[in-house]
There are 2 protein chains.
Amino acid sequence: MNIQFKKGILELCVLSILSRKNCYGYELVNEILEFMEISEGTIYPLLRRLKMDNLVTTYLQESNEGPPRKYYQLTELGKETHSELILEWKLFQASINKICLPEESK
Amino acid sequence: MNIQFKKGILELCVLSILSRKNCYGYELVNEILEFMEISEGTIYPLLRRLKMDNLVTTYLQESNEGPPRKYYQLTELGKETHSELILEWKLFQASINKICLPEESK
DNA sequence: ACACAGTACCTTGCGTTGCAAGGTACCTGT
DNA sequence: ACAGGTACCTTGCAACGCAAGGTACTGTGT
């Protein structure tokens, strides 16, 4: 998987997963790992940014299998931003495909 | 258009356009501008990288409308890289859509 | 009791990339 | 002469992904 494609799209992926269920960081990494290469060093700083931008809130929950988990939950602003990003992503895909796959996107 | 989506995908766009015809830098900027926001300060350094990586060669050509134009032409390696990137882009799109649009990509 | 693997959190420093801002120089029309 | 379009380029900044490293808890095997 091309590293550069990933830039900036991870935020959309994280918001999408959180729109379906609250997750803790380590869980998010593993969810995304099913579809693309990703490392913890990428996710934790991204989650910090999302919280700083008020797109998510967090709460702690005990676990039987290790240290407490920090769950992330979308705020209203987070949900709105997610919807907007989905729209932008669809438009972006269409634009790129017009440039790169002109026959197929006719 | 989300700035972050763009990162790294511009190389694919430039190679795609060059795969159809040789272009000079200023022309590339205007071609891409039809589909997304882009600035010269992005394209020229990118073209320098492509040349350094032996994906393109360049030649100068006089113009009646201004200074000489520096045309960029794909090398064999550039064509191969372009094909690989197209494939990766298709796979990448599919992966992201599975995460972000799970109903639509069933 | 101790080592180890798995879980779960986090930070630092680096390299890459996109861009705003600025510069140079050529040609055409007024 | 000079303004505007064409065409090239560079510098410095900010954002992002990641490798590498660290901390600490739990359960399992020996």
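So you know, we letter chains A, B, ... as the sequences are listed, proteins then strands, and number each from 1.
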* **Pairs satisfying salt bridge (charged side-chain N to carboxylate O under 4.0 Å, His left out), at least one member in residues 36-59 of chain B, at least two apart** => none

* Pairs where residues 7-25 of chain B contributes a residue and the test salt bridge (charged side-chain N to carboxylate O under 4.0 Å, His left out) is met, not counting sequence neighbours -> B:Lys21-B:Glu27, B:Lys21-B:Glu31

[X] [atom1] to [N] [atom2], straight-line distance once rounded to whole Å:
| X | N | atom1 | atom2 | answer |
| --- | --- | --- | --- | --- |
| A:Leu50 | D:dA15 | CG | C1' | 14 Å |
| B:Leu60 | D:dC9 | CG | C1' | 13 Å |
| B:Tyr59 | D:dA7 | OH | P | 14 Å |
| B:Asn2 | D:dC16 | CG | C1' | 12 Å |
| A:Leu33 | C:dT7 | CG | P | 12 Å |
| B:Phe5 | D:dA15 | CZ | P | 17 Å |

* Among all residues two or more places apart in sequence or in another chain, which pass the side-chain hydrogen bond (donor to acceptor under 3.5 Å, both in side chains) test with A:Asn30? -> none

* In chain order, what residues pass the side-chain hydrogen bond (donor to acceptor under 3.5 Å, both in side chains) check against B:Glu84, with sequence neighbours excluded? -> none

For [X], check side-chain contact (heavy atoms from CB on, under 4.5 Å) against everything at least two apart and list the hits.
| X | answer |
| --- | --- |
| A:Ile3 | none |
| A:Leu77 | A:Asn54, A:Leu55, A:Thr75, A:Glu80, A:Thr81 |
| B:Leu91 | none |

* Asked: ring pair (Phe, Tyr, Trp, His ring centres under 6.0 Å): which pairs involve residues 12-51 of chain A, sequence neighbours left out?
  -> A:Tyr24-A:Tyr71

* Is there a donor-acceptor contact under 3.5 Å linking the side chains of A:Asn97 and B:Trp89? -> yes

Atom pairs under 3.5 Å: protein N/O with N/O of nucleotides 23-28 of chain D:
residue	atom	partner	partner atom	Å
D:dT26	O3'	A:Asn64	O	2.9

* When you check every protein heavy atom under 4.0 Å of nucleotides 17-24 of chain C, what one-letter string (B, S, -) results, 5' to 3'? -> BSBB----

* To do: Walk me through it: do B:Ile32 and B:Ile17 pass the test side chain to side chain contact (heavy atoms under 4.5 Å, CB included)?
  => CA-CA 9 Å; B:Ile32 297 178; B:Ile17 293 173; 3.6 Å; yes

* Asked: Taking only residues two or more places apart in sequence or in another chain, which ones pass ring pair (Phe, Tyr, Trp, His ring centres under 6.0 Å) with B:Tyr72?
  -> none

* Structure fact -> Within residues 24-32 of chain A, the residues having a heavy atom closer than 4.0 Å to DNA chain D are none

